[in-house]
Asker: 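The structure that follows is given in the form of structure tokens.
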Protein chains: 2
Amino acid sequence: MTYVGSSRLLPAAPRNARGQALEIIRQKIITLELAPGSQLSENELAGQLGLSRTPIRESLILLAEEQLVSVVPQVGTLVSPIVEAEIATSQFVRESLELAALSEAVDVVDAGQLADLNAVIAEQRVADERDDTELFFALDEHFHFALMNISQHGSAWRTVSQAKAHLDRARRLSLSLTQQMSTLIDQHQSIVDALAGGDSRAATDALRRHLRKVFDDIALIRADRPELFDPPASSRRR
Amino acid sequence: MTYVGSSRLLPAAPRNARGQALEIIRQKIITLELAPGSQLSENELAGQLGLSRTPIRESLILLAEEQLVSVVPQVGTLVSPIVEAEIATSQFVRESLELAALSEAVDVVDAGQLADLNAVIAEQRVADERDDTELFFALDEHFHFALMNISQHGSAWRTVSQAKAHLDRARRLSLSLTQQMSTLIDQHQSIVDALAGGDSRAATDALRRHLRKVFDDIALIRADRPELFDPPASSRRR
DNA sequence: TCGTGCACACTACCATACAAGCTCTGCCAT
DNA sequence: ATGGCAGAGCTTGTATGGTAGTGTGCACGA
């Protein structure tokens, strides 16, 4: 069982050209393969992906709605720079929704769901041993989705996932991701343990600690390398 | 000072064809002018709005992302039916975010912001006297936006607004909107009063009561006229 | 009368052509 | 040498044509 591929875990992206383009470009932005602030071009992307401008353009419009790119009419499209305010908003949205969902999850969780969560954690241990950050991110997405899915509000995952995307992108700026994986996995375990114990307060506290750590790590990156954040003076070419 | 027009209170929609089409179609869906479950057509909309299919199509793609329409390839586009699960999700998102924002707002609110909120309430009283539901909805949007804007998380309004759109659409099914306006305005006042008093718990309780009333009203409509909800057996033509 | 299959009309999807606007470069005049 | 203007080459925005797929209704046969 593998979780690679569509790391979005959402309504099976359509296999039409637009769906493919959207997923590819989105993933390249989140993984920083397309640098924040760098300029894009509908024509260029169309050439690279072997498609016409239409599906590319439609993808970019959706990514703009998600705030991952910024389209300036008649000028160009650029990968959104990583702005502190945007990160803070994403954190707020993610934290509020995940915590609210978890507090309801405690009362309805069943053994199978706990087993699933523990299974994901076990896989994350493997990803950690292998220093496989890509696998770790995919499993992290899966873990948090499974967590929300326990409550009746799994369909709000769409919203959480969009916020999480901004946070994950900023996280990837860190040079020491592999050193933090084990701590993060321990926190996942704490959440599941509290959930299994039926302790609502302990579970939400554990989740809050976890999410705050992610946020604080981003703040550390910013303190270390402020040039990676906020609007770039001039648009860098990719 | 009037709040009509773009009831979205968001990054000044672009005045290009797509922006106009998006706003018009979106508004028609929310106001039920386009019936839930009814079928749309890129061609037909293009003709009605005097545009080509391109900006219409792009608008529909964005509305699909917002779950307000459902696009089935090679078959058609239909206005999303009002589904209970979707309403519940929207309520969850809205409630979680507005409450979280308000709990932080209590510590930072200033006199000017309270005055603004009271001014909006005063205008709502006028809208109530005139039985002007459209004005009421616009002012309601403005009130809740202003409330969130007190905290640092005003930029999460985008997300809240999308959830609220689904709730507002369902609310409009009610035949007795005008009779509820005064209660809702009283609740707005309670929120502002608690906020002014610096009582965080009272404020969030008041807001929760308010949001729950809106949600419960929708449940009442559903109990009364279940045929208005959930997937329509066959697609009705508009 | 009822069931079956085929043709037609309609859909969204994609490709492409054209239009409008911005930016930057390089020439020209001062 | 420097300021300004003109034009070329980009950009995204819009319009339109062709394609593939779906659903429907009608005709035909049992």
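Sequence lines set the chain letters: A, B, ... in the order given, protein chains first and strands last, and positions in each chain run from 1.
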Asker: Could you state the CG-P distance from B:Leu78 to D:dG23, rounded to the nearest angstrom?
Answerer: 13 Å

Asker: Let me know the distance between CG of B:Leu22 and C1' of D:dG13, rounded to the nearest Å.
Answerer: 15 Å

Asker: Closest-nucleotide mapping onto DNA chain C: is B:Val72 or A:Val75 further toward the 5' terminus? I mean the 5' end.
Answerer: B:Val72

Asker: Could you tell me whether the phosphate oxygens of C:dC13, OP1 or OP2, come under 4.0 Å of any side-chain nitrogen or oxygen in A:Thr54?
Answerer: no

Asker: What integer distance in Å separates A:Asn43:CG from D:dG9:P?
Answerer: 15 Å

Asker: Here's a test of your reading of the structure: between B:Leu51 and A:Pro73, which maps to the more 5' nucleotide of DNA chain D?
Answerer: A:Pro73

Asker: Check the distance between C:dA17's P and A:Glu42's CD and give it to me in whole angstrom.
Answerer: 16 Å

Asker: Reckon B:Leu60 touches a base, only the sugar-phosphate, or nothing at all at heavy-atom distances under 4.0 Å?
Answerer: nothing

Asker: Measure the distance from CD on B:Gln39 to C1' on C:dA9 and round it to the nearest whole Å.
Answerer: 13 Å

Asker: Think B:Arg53 has a side-chain N or O under 4.0 angstrom from the OP1 or OP2 of D:dA15?
Answerer: no

Asker: Could you work out which one of D:dT12, C:dC14, C:dT11 sits closest to the side chain of A:Pro55?
Answerer: C:dC14

Asker: Working to the nearest 0.5 Å, report the span between CD of B:Glu98 and CZ of B:Phe145.
Answerer: 11.5 Å

Asker: In whole angstrom, what separates B:Gln74's CD from D:dT22's C1'?
Answerer: 8 Å

Asker: Is any side-chain heavy atom of A:His166 closer than 4.5 Å to one of A:Gln91?
Answerer: no

Asker: Distance check needed: C:dC10 C1' versus B:Glu44 CD, whole Å only.
Answerer: 12 Å

Asker: Would you tell me if any nitrogen or oxygen in the side chain of A:Ser52 comes within less than 4.0 Å of OP1 or OP2 on C:dA15?
Answerer: yes

Asker: Should the ring pair A:His210 and A:His188 be called parallel, tilted or perpendicular, given that the plane angle runs from 0 to 90° and is split at 30 and 60?
Answerer: perpendicular

Asker: How long is the line joining CZ of A:Arg57 and C1' of C:dT16, in whole Å?
Answerer: 14 Å

Asker: From A:Gln48 CD over to A:Ile24 CD1, what is the distance, rounded to the nearest 0.5 angstrom?
Answerer: 10.5 Å

Asker: Would you say a side-chain N or O of A:Arg18 is under 4.0 Å from OP1 or OP2 of C:dC13?
Answerer: yes

Asker: B:Leu34 and side chain to side chain contact (heavy atoms under 4.5 Å, CB included): which partner among B:Val69, B:Leu40, B:Leu68?
Answerer: B:Leu40

